[in-house]
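Following: one structure in structure tokens, then a few remarks.
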Amino acid sequence: MTPVVVRTREELAEARSRVEGTLALVPTMGALHEGHLSLIRQAGRRAGTVAVSIFVNPLQFGPGEDFDRYPRTFAADLEACAAEGVDLVFAPGREIMYPGEPQVTIKSGPMGEVAEGAARPGHFDGMLTVVLKLLNLVRPDVAIFGEKDAQQLAMIRRMVADLNVPVEVVGGPTVREPDGLALSSRNRYLSAAERETALALSRALRAGADAAAAGPDAVTAAANAVLDKATAADPPLGLDYLVLVDPSTFTAVAGSHAGPAVLAVAGRVGATHLIDNVSLQFGKEH
Ligand code: PAF
């Protein structure tokens with residue numbers, strides 16, 4: 001069945017008032033792929049009503065980034081939502097989300113200035129601002145975000161805790177192509193040769209994970225060995241960062257660290273910025 005599609009705050013409020021029981025929200029920027037669909041299925045297992053928001057948020061794109069060419073595939077997204085049994089799609093225009101230039105926005109703090117935040121200054125401020133607006137507008141019981149964006153997920157959890165936002169934040173596992181490439185709406189930008197180079201990201205993470213028994217430093221060395229080759233490939237990988245960090249604070253871990261960690265990587269292939277990560281466990285809790 002086709003979901004109810006609402007575009008304005010008034011339409012959303014009216015649709016929200018008719019929801020009985022629990023509501024799960026999957027916030028997206030559209031260009032839905034199997035990764036999003038797995039989050040939607042997860043939402044369906046968590047709540048009686050599933051809402052998907054589709055909004056390409058200008059605030060989280062920096063100058064020179066791909067806001068203008070970001071894929072906008074609303075008709076296909078709606079079909080995919082219908083096939084997954086989504087109840088409600090909130091697809092606001094820019095004038096609905098930002099009727100004027102916003103004066104008050106979320107500041108992501110120190111966690112927003114490392115790794116992806118260092119590669120894309122201001123990105124997390126814009127992302128958190130729109131996520132808080134979406135949570136305030138939709139008022140879900142549960143909000144589901146992909147673990148591929150590990151730093152985004154950690155920052156949303158932190159915002160929800162720090163600002164007492166009444167929602168449960170849940171992560172959904174990364175979905176990969178059979179050769180390991182993490183699904184991303186940006187994969188469609190890649191030529192065949194660029195895609196081949198991009199595979200170095202997931203290969204580096206696998207190499208790092210395979211070295212986990214030898215400790216954090218062995219993990220980063222193994223991953224860097226794969227990335228070094230990719231930076232010399234044709235087309236080359238432009239490495240933005242490889243970090244081994246605490247999953248909830250994104251502070252670096254190394255040496256004798258014991259406990260959970262995330263190995264996160266990002267790079268550019270051609271004009272396409274790609275990210276990936278893997279969760280690891282070190283030491284006694286292994
Ligand atoms: O992950 C995304 O697609 C976006 O960052 C989000 C969470 C929908 C906010 O615009």
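Order of listing sets the numbers, starting from 1, for every ligand and every atom in it. These figures come from a predicted structure and were not determined experimentally.
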task = Using the test ring pair (Phe, Tyr, Trp, His ring centres under 6.0 Å), find all partners of Phe67 that sit at least two apart in sequence or belong to another chain.
result =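 With sequence neighbours excluded, Phe67 shows a ring pair (Phe, Tyr, Trp, His ring centres under 6.0 Å) to Phe61, given in chain and number order.
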
In ligand 1, which numbered atoms sit nearer than 4.0 Å to a non-hydrogen atom of [X]?
| X | value |
| --- | --- |
| Gln152 | 1 (O), 2 (C), 4 (C), 5 (O), 7 (C) |
| Thr28 | 8 (C) |
| Gln60 | 4 (C), 5 (O), 9 (C), 10 (O) |
| Met127 | 5 (O) |
| Val130 | 9 (C), 10 (O) |

request  = Tell me whether the guanidinium CZ or amine NZ of Arg69 lies under 6.0 angstrom from the six-membered ring centre of Tyr189 and within 45° of its axis.
outcome  =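 Checked: cation-pi criterion met.
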
query = Are Asp125 and Arg120 ion-paired here, with the side-chain N under 4.0 Å from a carboxylate O?
reply =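 No, this pair does not count.
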
query = side chain to side chain contact (heavy atoms under 4.5 Å, CB included) with Thr49: which residues, sequence neighbours excluded?
reply =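 If we apply the side chain to side chain contact (heavy atoms under 4.5 Å, CB included) test to Thr49, skipping adjacent residues, the hits are Val19, Leu23, Asp87.
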
message = As a quick check of understanding, evaluate salt bridge (charged side-chain N to carboxylate O under 4.0 Å, His left out) for Arg9 and Glu14, giving each step before the final call.
response = CA-CA 9 Å; Arg9 290 160 57 169; Glu14 202 272 325; over 6 Å; no

